[in-house]
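The block underneath contains the structure these notes are about, expressed in structure tokens.
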Amino acid sequence: MDMLSNKWVATVASMWIQCSSGVYTFSVYSSVLKSSQGYDQSTLETVAVFRDIGSAAGVLSGLLYTAVTHNNNYSGYFRGPWLVHLAGAIQGFFGYFLMWAAVVGLIERPRLPVMCLFMLLSSHSITFFNTANIVSGVQNFPQFSGTIVGIMKGCSGISGAILIQVYDTFYKGEPSTFLLMLAILPTFIQLVLMLLVKIYKTNTGNDKKHLNCFSAVVLIIAGYLMIIIILENIFSLPLWAHIFTFILLLLLLASPLGIAIQAQKDDSKGFLETFSFESNPSMDNIESMGASSETLIAKDLAYHELPSGEDQVNVALDDKTLFDEEGMNLLQAMCTVNFWLFFIAIVCGIGSTQAVINNLSQIGQSLNYTSVEVNNLVSLWNIWNCLGRVGVGNLSDYLLHTRGWARPLFIAITLATMMIGHLVIASGFPGTLYVGSILMGICDGSQWSLMPTITSDIFGVRHMGTIFNTIAIACPVGSYIFSVRVIGYIYDKEAGGEDHSCFGTRCFMLSFFIMASLGFLGFLFAIALFQRTKRFYMLRRLKHSLK
């Protein structure tokens, strides 16, 4: 059992749970939900918004995580991140199961508010295992928060593509069965693995090397899934080929366990070497010098020179919070300008991308894409989303530690790129839906990865789960504005016939122009946040370089 009690096994367990979460799969079953319940597009958008509310409004999961992990004290049985996973698993099962029962007619067709409640329950479960896995990961690897968040968010990003592969292999053409699979499979995986996710506050010099291996595995899985999707578009694969590719996918998903075993061996070897040096008196001097350096960093409020010949920085009293590991609570954070600049930027960013993924099926249909092509678009969105999550997580860590780049700058860059994606899709030319979805998938994943990382940077780790889940409420706020008040309203005005369908570029062109315009507004707010936190991140780099 001791072999399973380390931060590396906890990381692998978190990765597997994230890979089963099934985000960005609404487009797979939205058509059967719409037809079986007799919804028009605006009504379907309302249900989709409750999916976004549930998947982003994770304040309860943050509060629960803080309560059950306070001081990392697991002396009582009802302590630890596993309780957060359990709460999420229960919600996910009942939400998806009741939706499936309504679609197949097992229960009487529910009224719209009841269906919205089912959707809210199913998607709200995502916030619980996101919080448990991400915050535990940041506490296990505090020096590489961007990398570990990128890994966890990357696994979540490809989870939809993974579950679609399971669906295509065993249940293709039965979207109602996909709902039942979402109720059973993720719940089972969480219940099996949740006890392995714990907090181990130990740091070793090889952490980054092994974390990079985890990142590489996630990217390899994403690339493998993309190859499968391309092959499925070109050829009609027989059942044995689907089973073979699915077995290879399972082997790739199992590979992080080998990395964890090697990492634990390296940690044990490093511990033994460190222990053997403790008898050397000279080491005491080195340790005391390290302690003195930390004291100087925290107490010196006058003047510092950054490494590599960069500009010199004056440190004011307000910058002492840089060295406060506890940070702010939720109310303190909400009283800052930085919180609201960040919040509005996310409304304009993730809010619009969520509106696009929720409507990807209808956008595809209006542009004469087949249902198979739409499902492939959803899978490709998951893959590019994963690339954004993992890539920007690693890149932001690297540029922060080497150049002192403030992470909010990446929010501004992704918002600018997202504007281009909206305009590309609005053009309506053949193939532009693929190009636009790639751009927005990468940007959406990047922002989901940056959100918890920037939160832990600016507001501290102690209440990180509660604060970043509060900021994530910006997602359903933006999704409601863009999905219901913009896309749904314009679509229904252009639609005709009893099936409330619309065909042609006129269905969504104006909506994408509006989202691109508001994306520019978000870009301005992100630039303002960057300017306000630029010196703060320079000081973080100074602290990291002196450790």
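Fair warning: this is a prediction, and the values are worked out from it, not measured in the lab.
- Without hydrogens or angle criteria, Q18 side chain to M152 main chain gives a donor-acceptor distance under 3.5 Å.
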Full working for side-chain contact (heavy atoms from CB on, under 4.5 Å) between I53 and M119 = CA-CA 9 Å; I53 292 172; M119 182 63 74; over 6 Å; no

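- Looking at residues two or more places apart in sequence or on another chain, you find no side-chain hydrogen bond (donor to acceptor under 3.5 Å, both in side chains) involving S20.
- Using a 4.5 Å heavy-atom cutoff, the side chains of H85 and N133 are in contact.
- Side chain of T169 to main chain of Q165: a donor-acceptor pair is present (N/O by atom type, distance under 3.5 Å, no hydrogens or angles).
- Here ring-ring contact (aromatic ring centres under 6.0 Å, His included) pairs that include residues 226-253, with residues two or more places apart or in two chains, are F170-F246.
- By the 4.5 Å heavy-atom criterion applied to side chains, P452 and V138 are not counted as neighbours.
- Considering CD of Q447 and SG of C475, their distance stands at 10.5 Å, rounded to 0.5 Å.
- The environment of CZ in F50 is sparse: at most 12 heavy-atom neighbours from other residues, nucleotides or ligands sit within 6.0 Å.
- Screening residues 413-455 for ring-ring contact (aromatic ring centres under 6.0 Å, His included) gives Y369-Y434, H422-F512 as the qualifying pairs, with residues at least two apart or on separate chains.
- Here L400 contributes atom CG and L395 contributes atom CG; the two are 11.0 Å apart, rounded to the nearest 0.5 Å.
- Using the six-membered ring where Trp is involved, W8 and H210 have ring planes that are perpendicular, over 60° apart on the 30 and 60° scheme.
- A donor-acceptor pair under 3.5 Å is absent between the side-chain atoms of N469 and the main chain of V59, judged by distance alone.
- The side-chain heavy atoms of L163 and V28, taken from C-beta on, include no pair separated by under 4.5 Å.
- Looking at residues two or more places apart in sequence or on another chain, you find a ring-ring contact (aromatic ring centres under 6.0 Å, His included) between F508 and Y491.
- A donor atom on one side chain and an acceptor atom on the other are not found under 3.5 Å apart for T147 and N212.
- For N394, the side-chain hydrogen bond (donor to acceptor under 3.5 Å, both in side chains) test picks out K208, S215, with sequence neighbours left out.
- Ion pair R407/D397 flagged as a salt bridge, since at least one NZ, NE, NH1 or NH2 atom sits closer than 4.0 Å to an Asp/Glu carboxylate oxygen.
- Residues meeting the salt bridge (Lys or Arg N to Asp or Glu O under 4.0 Å) test with R51, sequence neighbours left out: none.
- The backbone N or O of G445 lies less than 3.5 Å from no partner atom in the side chain of S449, so there is not a single donor-acceptor pair.
- No side-chain N or O of N358 forms a donor-acceptor pair with one of Q354 less than 3.5 Å apart.
- Across all their heavy atoms, A474 and V347 have their closest contact at CB-CG2, 3.4 Å.
- In terms of modelled atom types and a separation under 3.5 Å, the side chain of T370 and the main chain of E373 share a donor-acceptor contact.
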Taking distance alone, no hydrogens or angles, what donor-acceptor pairs closer than 3.5 Å link side-chain atoms of residues 218-229 to residues at least two apart or in another chain?
unit_1: Y224; atom_1: OH; unit_2: T245; atom_2: O; d: 2.6

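- With T353 contributing its side chain and I350 its backbone, the two residues share a donor-acceptor pair below 3.5 Å.
- Considering every non-hydrogen atom in both S437 and W381, the closest pair reads O-CE3, 3.7 Å.
- Rounding to the nearest 0.5 Å places CZ of R389 at 4.5 Å from OG of S156.
- Closest approach of I151 to L211, counting heavy atoms only: CD1-O, 3.4 Å.
- Residues Q37 and V47 form no side-chain contact, since every pair of their non-hydrogen atoms from C-beta on lies 4.5 Å or further apart.
- In this structure, M418 CE and C348 SG are separated by 10.0 Å, a value rounded to the nearest 0.5 Å.
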What side-chain donor-acceptor pairs closer than 3.5 Å can you find for residues 177-187, not counting sequence neighbours?
unit_1: T177; atom_1: OG1; unit_2: E174; atom_2: OE1; d: 3.0
unit_1: T187; atom_1: OG1; unit_2: A183; atom_2: O; d: 2.8

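- A donor-acceptor pair under 3.5 Å is absent between the side-chain atoms of W384 and the main chain of D444, judged by distance alone.
- Smallest separation of non-hydrogen atoms from I199 and S136: CG1-OG, 4.1 Å.
- Listed by chain and residue number, F26 satisfy the ring-ring contact (aromatic ring centres under 6.0 Å, His included) test with Y29 (two or more places apart in sequence, or in another chain).
- Between the side chain of D207 and the main chain of F144, no donor-acceptor pair closer than 3.5 Å is present.
- The side-chain hydrogen bond (donor to acceptor under 3.5 Å, both in side chains) search around S21 returns S159, not counting sequence neighbours.
- Taking all atoms of both residues into account, the shortest heavy-atom contact from I425 to G436 is CG1-CA, 3.7 Å.
- A 4.5 Å side-chain heavy-atom check between V435 and I438 finds every atom pair outside the cut-off.
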Donor-acceptor contacts under 3.5 Å from residues 90-104 side chains, at least two apart:
unit_1: Q91; atom_1: OE1; unit_2: H124; atom_2: ND1; d: 2.8
unit_1: Q91; atom_1: NE2; unit_2: A87; atom_2: O; d: 3.3

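- Crowding of W16 atom CH2: a count of heavy atoms from other residues, nucleotides or ligands under 6.0 Å exceeding 12.
- A 4.5 Å side-chain heavy-atom check between I134 and M464 finds at least one atom pair inside the cut-off.
- I363 and V356 make their closest contact through CD1-O, 4.1 Å (heavy atoms, listed as atom of the first residue, atom of the second, distance).
- Contact annotation: the side chain of S55 never approaches that of V23 to less than 4.5 Å [non-hydrogen atoms, C-beta and beyond].
- The closest side-chain heavy-atom distance from Y200 to Q139 is not below 4.5 Å.
- For the cysteines C386 and C155, the sulfur (SG) atoms lie at a distance of at least 2.5 angstrom from each other.
- Note: F410 CZ to S396 OG = 6.0 Å, rounded to the nearest 0.5 Å.
- With sequence neighbours excluded, no residue forms a disulfide (SG to SG under 2.5 Å) with C19.
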